[in-house]
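Below is the structure I would like to discuss, written out as structure tokens.
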Amino acid sequence: MKFDFDKPIDRHNSNSYKWDTLNMENIIPLWVADMDFQTAPCIIEALKKRVEHGVFGYTRVPDRYYQATVEWFARRHNWNILPSDIIYTSGVVPAISAIIKALTNPGDKVIIQTPVYNCFFSSIRNNECVASENELIYKDVAYTIDFDDLEKRASDPAAKLLLLCNPHNPSGRVWTYNELIRIYEICHRHGVVVVSDEIHCELVYPPFVYIPFCSLSEEVAQNSVACVSPSKSFNIAGLQIANIVCRNEEMRKKIDKAININEVCDVNPFGVLATISAYTDGEPWLTELIDYLQKNYEYLVTFFKNELPDFPIVRLEGTYLVWVDCKHLGIPSVELEEKLIREGGVWLNPGSMYGEAGEGFMRINIACPKERLEEGLKRLKKVLAPHYEDDSDIQ
């Protein structure tokens with residue numbers, strides 16, 4: 001491989017939310033969704049040159065930013081975005097909050113498909129709307145959409161939006177063409193606008209294929225909104241950059257107004273340059289990253305099969321976040337989180353943070369060097385399988 005994903009990076013004392021939140025020694029954090037890899041070298045070089053300039057004033061977003069974004073999605077995903085469709089902002093969560101503000105009124109309902117990304121709940125609540133939970137069907141260690149329930153919820157006159165997560169966090173599903181079309185047909189029939197969070201769109205493993213929701217047809221593009229960012233796929237979340245893609249001019253004007261009301265209309269020079277670099281020169285690095293993550297996932301699956309067979313793994317189609325069924329323990333997921341930290345020195349996300357439908361599950365971030373993942377899983381086993389004969393100490 002051209003790029004070294006095995007290289008350990010010490011992230012302690014870097015003000016890392018992932019590594020420096022707990023004031024504890026010897027913790028392996030496999031929780032919050034950022035990666036322990038350095039970003040693509042092309043991005044690092046672009047940022048170095050910008051730092052050497054030494055002046056970091058207000059930033060104008062250049063035409064080549066839009067060009068790079070448009071060309072990336074056309075080339076990789078057959079999604080024909082117009083530069084005029086794009087509204088840049090400081091992140092996908094601020095984007096979602098602004099879209100809710102723009103397209104709803106207080107008291108309206110926003111449909112979400114639980115268990116789902118925890119910030120969906122807060123974005124809805126902060127805009128004085130109500131979450132309507134279209135709980136996903138969990139059967140045979142897999143998730144599918146409850147379309148009958150979705151029809152019922154979409155038919156509620158108070159329902160105005162559906163927040164779609166594609167690829168889905170935390171289940172790891174990559175929704176198929178038929179699933180996406182059916183979502184659109186139900187929502188459009190009842191006047192519900194689909195807002196698709198596609199932040200993990202590049203992190204999809206063969207044979208699964210990410211399909212941008214707005215690319216389904218021109219009709220769909222006119223009646224939906226998407227949020228995208230290079231932040232997850234290139235590990236640059238701290239650079240605070242994202243794009244809202246909206247073809248419908250009337251909706252786009254409302255969203256642009258809300259972006260300004262929420263004061264998230266400005267971005268920094270590093271985010272702009274990192275996006276241009278990622279979408280222009282970052283594809284070789286991304287290709288190797290996906291291959292590395294897939295091998296990490298395969299290692300984890302084998303480990304659980306051999307060492308922790310009572311903990312089913314939901315198949316990972318996209319993202320680097322593995323969803324583990326721990327229900328048979330009968331322990332609330334928050335308590336299990338604390339137990340793993342206290343007794344094993346490993347930190348996972350509790351399923352309950354993704355809604356009641358996530359209770360009994362844990363989420364594991366596998367975006368780290370394999371050696372670190374191996375140690376994290378070893379620690380996990382020491383807690384989850386306490387009768388396993390292993391005299392080694394946690395290092």
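Here, residue 1 is the first one in the sequence, and each next residue gets the next number.
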Could you tell me whether a side-chain N or O of N235 sits under 3.5 Å from a main-chain N or O of F37, the two making a donor and an acceptor? yes

Between I99 and L103, is there a side-chain heavy-atom distance shorter than 4.5 Å?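 A side-chain contact exists here, since the closest heavy-atom pair is under 4.5 Å.
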
Plane angle bin for F5 and Y292 - parallel if under 30°, tilted between 30 and 60°, otherwise perpendicular: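 Rings of Y292 and F5: tilted, 30 to 60°.
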
Just by distance, no angles: are the side chains of S196 and E198 close enough, under 3.5 Å, to form a donor-acceptor pair? yes

Residues K378, E374; criterion salt bridge (Lys or Arg N to Asp or Glu O under 4.0 Å); working and verdict: CA-CA 6 Å; K378 177 182 173 182; E374 289 173 347; over 6 Å; no

Donor-acceptor contact present, side-chain D20 to main-chain N13, <3.5 Å: yes

Residues Q240 and S90: side-chain donor-acceptor under 3.5 angstrom: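 Distance-only check fails for Q240 and S90.
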
Taking atom types as modelled, is there a side-chain donor on E359 or S333 under 3.5 Å from an acceptor on the other?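 Judged by distance alone, the side chains do pair up.
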
Could you label the plane-to-plane angle of the Y184 and H188 rings as parallel, tilted or perpendicular, counting under 30° as parallel and over 60° as perpendicular? parallel

Strictly distance-based, threshold 3.5 Å: is any side-chain N or O of T280 a donor or acceptor partner for the main-chain N or O of S277?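 Not confirmed, T280 side chain does not pair with S277 backbone.
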
Under 3.5 Å, side chain of E317 to main-chain N/O of V174, donor-acceptor pair present? yes

Are any non-hydrogen side-chain atoms of T69 and N243 less than 4.5 angstrom apart? yes

Ring centre gap for Y17 and W31 strictly below 6.0 Å: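 For Y17 and W31, the ring centres are under 6.0 Å apart.
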
Aromatic centroids of W323 and Y354 separated by under 6.0 Å: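 When the ring centroids of Y354 and W323 are compared, they turn out to be within the sub-6.0 Å range.
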
Exam field: side chain R363 to backbone P170, donor-acceptor pair closer than 3.5 Å: no

Classify the angle between the aromatic ring planes of F361 and Y143 as parallel (below 30°), tilted (30 to 60°) or perpendicular (above 60°).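 Ring orientation of F361 relative to Y143: tilted.
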
Can you confirm whether or not the ring centre of H200 sits under 6.0 Å from the ring centre of Y210?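 So the answer is no for these two rings.
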
